[in-house]
Amino acid sequence: MATYPTKRLRRLRYNPVIRDMVRETQLSKDDLIYPLFVVPGSGIKKEVRSMPNVYQMSIDVLVEECKEVEQMGIPAVILFGIPEHKDELGSEAYDPNGIIQKAVRAIKKEVKNLLVITDVCMCEYTSHGHCGILNGEKILNDETVELLAKEALTHAQAGADIVAPSDMMDGRVAAIRKILDEHGFIEVPILSYAVKYASGFYGPFRDAAESAPAFGDRRSHQMDVANALEALREAESDIEEGADIIMVKPAGPYLDIIWRVKEKFGMPTAAYQVSGEYAMIKAAAKLGWIDEERVMMESLTAIKRAGADMILTYFAKDVAKILDKQI
Ligand code: PBG
């Protein structure tokens with residue numbers, strides 16, 4: 001084997017054409033999933049305090065946004081709903097006329113080729129902001145799973161292309177698969193948030209989705225940030241229960257987990273560049289401390305390099321514009 005001075009790794013870096021030819025990872029618009037927040041009302045487009053250029057939108061505004069997203073060549077959106085009323089049982093989550101169900105119907109009527117993914121969880125809908133039904137301060141697993149299954153079914157009935165449970169209750173993927181199949185939705189895939197950590201990086205999302213827990217935290221169901229082998233067990237059980245795509249979340253600080261999950265299972269793998277990852281890049285760029293475009297592209301390329309086949313990112317539109325310029 002050649003060694004220096006015969007071997008010179010810089011030979012393939014001297015000019016941009018060569019660099020393009022040997023590049024191993026290429027971001028593409030097909031990788032992108034764009035998260036959107038829906039609120040009741042009309043004519044509403046309200047910027048989220050901690051997430052510049054991310055908005056809460058009423059359904060009419062959302063439909064226009066989805067048209068634009070489709071035209072830009074972004075293949076998919078994921079929807080989060082902020083309901084009219086929150087209650088102990090999060091009943092708007094599984095109401096056929098809930099905010100998400102209405103939003104999905106409206107988008108599907110007007111935007112034909114955009115994949116609509118719905119986030120299936122209770123935390124935006126419960127008055128206490130927890131991801132399930134409570135007994136005292138404890139989240140009841142099996143009772144919550146029943147409601148999540150109902151929620152996913154109403155999303156599919158409204159026309160959702162993919163349902164994405166993000167609650168981290170045990171057994172929810174199997175329950176969702178069962179109810180979908182029983183009602184004829186055998187073709188609707190489940191994108192499971194299989195490996196979701198109890199992360200501080202979700203802070204800004206809770207402004208956007210108005211879903212901060214009234215007390216306590218999410219550590220009784222989301223994963224301990226220190227664990228990697230447990231991530232493999234989580235992914236394995238969701239795959240066994242019927243998940244079609246598995247997700248790791250957050251993304252940037254968990255590249256090792258994306259890599260391990262992809263290596264071990266070889267499943268279609270999604271990664272969520274979450275609100276805090278986005279907000280940190282935006283804030284540092286605003287202060288003039290980093291080059292926003294460069295860091296954005298670098299962070300997403302790294303997530304793809306680690307093994308992600310698709311990336312949920314608030315930067316989706318910005319990335320699409322940059323990729324268009326490169327062609
Ligand atoms: C739960 C959910 C959360 C996010 C996506 N789905 C919040 C949480 O678990 O507290 C966070 C996404 C982000 O931070 O961008 N419905």
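In each ligand, atom 1 is the first atom listed, and ligand 1 is the first ligand listed.
Taking a 4.0 Å cut-off on heavy atoms, E277 fails to register as neighbouring ligand 1. In this structure, K196 is part of the shell of residues with a heavy atom less than 4.0 angstrom from ligand 1. Ligand 1 does not have M122 within reach: every non-hydrogen atom of the residue lies 4.0 Å or more from it.
The closest heavy-atom contact to atom 10 (O) of ligand 1, among the options R206, M168, K249, M51, comes from R206.
For D167, no heavy-atom contact with ligand 1 is shorter than 4.0 Å. Contact annotation for C121 and ligand 1: only side-chain heavy atoms (C-beta onward) come within less than 4.0 Å of the ligand. Neither the backbone nor the side chain of Y278 comes within contact range of ligand 1; no heavy atom lies under 4.0 Å.
Taking a 6.0 Å sphere around CD of E236, one finds it holds more than 12 heavy atoms contributed by other residues, nucleotides or ligands. The environment of CZ in R294 is sparse: at most 12 heavy-atom neighbours from other residues, nucleotides or ligands sit within 6.0 Å. Within 6.0 Å of CZ on F215 lie more than 12 heavy atoms contributed by other residues, nucleotides or ligands.
Remark: ligand 1 and Q273 share no N or O pair separated by less than 3.5 Å (distance only, no angle test).
Considering every non-hydrogen atom in both I139 and M169, the closest pair reads CG2-CE, 3.8 Å.
Of all the atoms in ligand 1, the ones that sit under 4.0 Å from a non-hydrogen atom of R218 are 8 (C), 9 (O), 10 (O).
For Y197 and Y272, the ring centers sit 6.0 Å or farther from each other.
Evaluated for a ring pair (Phe, Tyr, Trp, His ring centres under 6.0 Å) with F80, the options Y125, Y314, F205 yield exactly one hit, F205.
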